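Please read the structure below before turning to the comments.
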Amino acid sequence: MIYLDNAATTIRKPPEVAAAVLAAMDSFGNSGRGTHCEALSASRTIFETREMLARLFHAPRPERVCFTANSTEALNIAVSGLLESGDHVISTDCEHNSVLRPLYRLAAQGGSVDFVPTDRQGRIDVGNFASLLRPETRAVVCTHASNLTGNVLDIRHIGAFCHAHGLLFVVDASQTAGALPIDMEQDHIDVLCFTGHKSLLGPQGTGGLCVGDGVEVRPWKVGGTGILSYSQTQPEPYPTRLEAGTLNGHGIAGLHAALAWIEKTGVDAIHAREDALARQFYEGVRQLPGVTVYGDFAQTLRAPIVSLNIGDMDSGEVSDELEQRWGIATRPGAHCAPRLHQALGTQEQGAVRFSWSWYNTAEETDAAIAAVKTLAEEAR
Amino acid sequence: MREKTKKLVVTFRTTAGAMAMEKACKAEAVPGRLIPVPRAITAGCGMCWAAPPDSRDIIENLVIREHLDVDGLYDILL
């Protein structure tokens, strides 16, 4: 099997990730629920994981790293906890439904949302943020990189715009955490939402949000915290404020091991390898007759994603052929990115997405190029 | 039961605060350990750092230097 669906989830992880999950399942008590050895083992690992994430993203402090099940949960917490009826939000057409649906719900509850449009290559003009500004604009919520095209948004520029206009800046780093540099301080990010199971190479069911200094997020869920048990309301201090209920300590132990591997390997090295593989594929398919590739490959900084179509073939059919004949795993269809498919004109056909991780090889990529070439020839 | 002796007890607002304290103390070889908060003290977090009574100065300095999220310091019999 050649696994090229890493934008959905990475399958191959550093071997120490699964080992850490297993060891945690054999030894962890409940974090924050006691001072016996087993509970403290969980608490220590979880705290160290907060420290590692704070270092990776330049978050203000480990206590501002709050765990959730994934990016979607983090984005729901951020949107519902920062914004309210009457607020206006600027987003983009590059977004995943994990951003869009919380924003549509906000709009249905009396808020309003405008979207910076993209061109046919999925690019946005960052100058368009200013044209959508209103007196009631309260935040920009956008992705760091499109999960469909791999195009990267210039979050430093957008963050500076937010800072200049007093707007909150919420970033969806689902496709970039661990694979591209992110600096909450320099990028003026107020809330960074991430998932653990993609480019962070951790287990599914891990993720979180890093909350900037001075940013007050109302809790989305309330309940047991191991602190202030006689208070009828959710405790105020982060991270507990956003973490009611037992944390996924076993998964977070795996994420801890993955982050240790990322620290050792280096984000720049990871990006360079993944980017080289994606560009190798792009160069191999972009001029094949009948093949249409989507995205801006003039960008120097990209997520390792290449989406394409072959003639007018259904993207699902192409993906199934790739899997059945060559054992190549890709993702067809809409990719939970409806606005971008509409902008690219692919809402009917969908697209076939290829996405890489550290563990893919040049040989696998060559095999994928050859498979696309064969299908393109057969389609003519 | 153990004989009660004087202890310095440091309380925290959150579990993360307690973890940061333990890590900082271990790094600087400051003696003590995490224990359940005794009933004589009201604290947010259910665990506290129990240390020898003569370690107040070193712990206070550590709390300031490392920006530790401490709720209070108490001298009590434990």
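Every chain is numbered from 1 and lettered A, B, ... according to where its sequence line falls, protein lines coming before strand lines. Here the structure is a predicted model, which is why all the values come from computation and not from measurement.
For A:H163, the NE2 atom is loosely surrounded, since the number of other residues' heavy atoms within 6.0 Å does not exceed 12. For B:I58, the CD1 atom counts as loosely surrounded, since its 6.0 Å shell holds 12 or fewer non-hydrogen atoms of other residues, nucleotides or ligands. Within 6.0 Å of atom NZ in A:K221, more than 12 heavy atoms from other residues, nucleotides or ligands are found, so the atom counts as buried in its surroundings.
Residue contact with chain B, scored on non-hydrogen atoms closer than 4.5 Å, is absent for A:P235. In this structure, chain A has heavy atoms under 4.5 Å from both the backbone and the side chain of B:A20. Heavy atoms closer than 4.5 Å to chain B are found nowhere in A:Y230, neither backbone nor side chain.
When all heavy atoms are compared, the tightest approach of B:L34 to A:L40 is CD1-CD2, 3.7 Å. In terms of heavy-atom proximity, A:I227 sits nearest to B:R13 at CD1-O, 3.0 Å. Of all heavy-atom pairs spanning A:G32 and B:M47, the tightest one is CA-CE, 4.0 Å. Counting all heavy atoms, side chain and backbone alike, B:T14 lies closest to A:P237 at CG2-CB, 3.4 Å. When all heavy atoms are compared, the tightest approach of A:R44 to B:M19 is N-SD, 3.6 Å. Across every non-hydrogen atom of B:A16 and A:F47, the tightest pair is O-CE1, 3.4 Å.
Of all the listed residues (A:R50, A:E51, A:R33), the one sharing the greatest number of non-hydrogen pairs under 4.5 Å with chain B is A:E51.
Proximity to chain B among residues 173-200 of chain A is not found for any residue, judged by heavy-atom separations below 4.5 angstrom.
Distance check: B:T15 OG1 to A:L247 CG gives 9.0 Å after rounding to the nearest 0.5 Å.
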